[in-house]
Amino acid sequence: MMDDISKTDPEILELVKKEGIRIRNGVELIPSENFVSKAVLQAYATFYTNKYSEGYPGKRYYGGNQFVDMVENLAIERAKKLFGTEHVNVQPYSGSPANQAVFFALLNVGDIFMGFDLSAGGHLTHGSPVNFSGKQYKCVPYNVNRETELLEYDVIMKQAKECKPKMILSGLTAYPRKIDFEAFKEICDEVGAYHFADIAHIAGLCATGLHQNPVPYCDVVTTTTHKTLRGPRGAIIMCKEKHAQAIDKAVFPGLQGGPHDHVTAAKAVAFKEALQPSYKKYCEQIVKNAKALAGSLMDNGLELVTGGTDNHLMVIKLVNKGLTGKGKEIQNALGEAEIYVNKNSIPYEPNTPFNPSGIRLGTPAITTRGMKESEMKVIGESIAKVIDNYTDKAIIEKAKNDILELCNDFPLYPGMEVLR
Ligand SMILES: *Cc1c(COP(=O)(O)O)cnc(C)c1O
C-alpha cells in the first residue's frame, strides 16, 4: 500500500514512519487511545472512502449503494448484538457530533439538563460553558464528594428534584470508578428526565460484562468507537425504538451529510472482533493492568484520585507532591521519556484547565500490545521517578532507556520488531 505514496509524497510517508517509531518505542498511556488491528486498518484504507450515501440502508439519496447498504447493515447488526440495543445509528463522525445529535433529538435550545462536572471527570460535551452543550442548553453540573471524590447518588437526586432537568447525562472521561447507571435511571424516573449515557471510554468494559451495561437503563447511549472499543475514529448512537426516528433524523439530515463509509466498514470489523471471546480476555486484562499500574504508582509514593481505579483509567494527584498546576510540565517530562500521558484536572481543581494538577493515564493501548502486570510495575516505577525529578535530564534519559527496553519485547504491529 505504501508504494505510491513513496513516489507522490515522500514527505508525508516519512512522517508516517516517524509516528510508527514513536508509538513502537514508547508506552501509550492516554486512556482514550488504542491501537486498532491490521484488519481494521485494512477496512479503513479502502475505496469506500470515495462513496456518497446520504440517507440510510434502503433509503439513499445517491445510486450505487448496494454494497454500502450491506456494510452498514452488518455494522448495525453487530453493534446491536454487542450491546443488546433496540436501535443503533452507526454514522456519527465522532463522539462530540454524536452527543450533539442526542441533544438535538431530545431537547430544545435553552432546556435544562444535568451533566458531570468537567474537572471531576465529565466531558466537554456534558455542559462545559465553552462547548455547544453549555452554550445552547442550561447545564446544572453535578459533582463528586469533595472528600471521597466519588459520585453521590442521593445528592444528585436532591439536585435533580430542585432543578427539574429534561435530561440527565451520565458518563465519564476521567472518573476512575464504576458508574451506577441503574441509580441514574431511578433519579431520571423520579423527576421525569431522559437518561442519556455516554460510554465513550468504557464501552468495551460494558460490552463484555466488566462494567454495568447502561443500555437497559437509558433512553439513549452514545459511544466513540476508537477508545476501549478499539475501532476506527467514530461513534455510534444506541437508543430505545421510540427514539429511533428522532435520533436518525438528528444525525442525517439534522447535522451530518454523507456518512464515512470506509469508517463504517472499519467499525463493522471492530465490532466483529469485539464479539470474539479473545476481546473479553483483552478487556479483563485492561482492568487487571490498571489495578497493577495504580498499585505500582501508589507503592512509589504517588496519590491517585479516589485512591485507585475500578476501570481502565486513573488520575495522579500532583497536589500533595507540591506540584499544584504542574500537570503540563510533568506531561512533557514524561513525554521526553516516551511515556505518553495527558495532563488533566482533578476534582475541585485548584488551578486552571491549561495548567491543571493531575495526570490521567490508562491501560487500553499497552494491553493491546500484550503488556501485563509485571510490565505495569516497571512503568509505574519509571513514572514515579520522572515525576519526583521532572527537571533532571539524566533521570529522564534513564527512564527512556528502561521504557525502550520494555517496548522491544512488544513490537506492536508485525514488521515493527527492529524499527529504530
Ligand atoms: C472522547 C469522548 C468524547 C468525544 O469524542 P471525540 O471523538 O473526541 O469527539 C465524548 N464523550 C466522552 C465521555 C469522551 O470520553
Side-chain angles (χ1 to χ4, degrees), residues 28-34 36 40 44 83 89-104 113-128 130-134 137 139 141-142 144 151 167-179 181 184 195-207 211-215 218 220-238 250-251 255-256 259-260 263-264 266-267 270 286 290 305 309 311-315 341-345 353 358 360-365:
E28 185 52 76
L29 292 170
I30 295 171
S32 44
E33 294 188 14
N34 212 330
V36 301
V40 168
Y44 192 89
F83 293 98
N89 186 309
V90 299
Q91 295 190 0
Y93 299 146
S94 214
S96 300
N99 288 356
Q100 197 178 2
V102 178
F103 278 81
F104 203 39
F113 78 101
M114 288 177 71
F116 197 2
D117 180 83
L118 184 66
S119 72
H123 186 256
L124 280 168
T125 53
H126 298 185
S128 158
V130 299
N131 184 264
F132 82 88
S133 55
Y137 304 89
C139 177
Y142 56 87
V144 294
L151 287 169
M167 177 177 88
I168 301 180
L169 208 174
S170 59
L172 62 95
T173 205
Y175 184 67
R177 298 295 178 175
K178 288 185 172 155
I179 292 189
F181 292 114
F184 268 108
H195 184 197
F196 163 25
D198 173 357
I199 55 168
H201 265 260
I202 54 173
L205 308 184
C206 296
H211 190 291
Q212 187 186 51
N213 181 0
V215 166
C218 286
V220 183
V221 178
T222 60
T223 180
T224 53
T225 46
H226 49 275
K227 298 182 184 174
T228 48
L229 215 41
R230 207 162 57 175
R233 294 205 94 75
I236 59 173
I237 307 176
M238 298 174 266
V251 173
L255 287 165
Q256 297 190 169
H260 295 178
V263 182
T264 307
K267 284 175 183 173
I286 291 178
V305 170
T309 174
N311 57 23
H312 64 297
L313 71 83
M314 63 214 76
V315 181
V341 299
N342 71 277
K343 64 184 180 185
N344 211 91
S345 298
R360 185 183 69 151
L361 52 167
T363 52

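Not measured: the values here are computed from a predicted model. Each ligand, and each atom within it, is numbered from 1 in the order the structure gives.
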Identify the protein heavy atom lying closest to atom 1 (C) of ligand 1, giving its residue, its atom name and the separation to 0.1 Å.
K227 NZ, 1.4 Å
What about F116 and F184, are their ring centers closer than 6.0 Å?
no
With atoms numbered from 1 as shown, which atoms in ligand 1 lie under 4.0 angstrom from a non-hydrogen atom of H201?
15 (O)
Provide the number and element of each atom of ligand 1 under 4.0 Å from a heavy atom of T224.
5 (O), 7 (O)
Donor-acceptor pair, Q91 side chain versus Y93 backbone, under 3.5 Å?
no
N34 and R230: side chain donor to acceptor below 3.5 Å
no
Heavy-atom donor-acceptor pair, N89 side chain to I236 backbone, under 3.5 Å:
no
Residues at least two apart in sequence or cross-chain that pass side-chain contact (heavy atoms from CB on, under 4.5 Å) with C218, listed by chain then number, are H195, A197, P214, V221
Heavy-atom nearest neighbour of atom 10 (C) of ligand 1 within options H123, Q100, H126
H123
Using a 4.0 Å cutoff against the non-hydrogen atoms of H226, which atoms of ligand 1 qualify?
7 (O)
Could you find the nearest protein heavy atom to atom 7 (O) of ligand 1 and give me its residue, atom name and distance?
S94 OG, 2.4 Å
Within a distance under 4.0 Å of any heavy atom of T173, pick out the atoms of ligand 1 and give their elements.
14 (C), 15 (O)
Where does T222 meet ligand 1, judged by heavy-atom distances below 4.0 Å: at the side chain, the backbone, both, or neither?
neither
Between F103 and F132, what is the ring plane arrangement, given parallel below 30°, perpendicular above 60°, and tilted in between?
perpendicular
Applying a heavy-atom cut-off of 4.0 Å, say which part of A200 lies close to ligand 1: side chain, backbone, both or neither.
side chain
Subset of ligand 1 atoms that lie under 4.0 Å from at least one heavy atom of D198
10 (C), 11 (N), 12 (C), 13 (C)
Looking at the rings of F196 and H126, which for Trp means the six-membered one, are their centres under 6.0 Å apart?
no
If we only count N/O pairs under 3.5 Å, is T125 in contact with ligand 1?
no
Modelled atom types, side-chain donor and acceptor of N99 and T222, under 3.5 Å:
yes
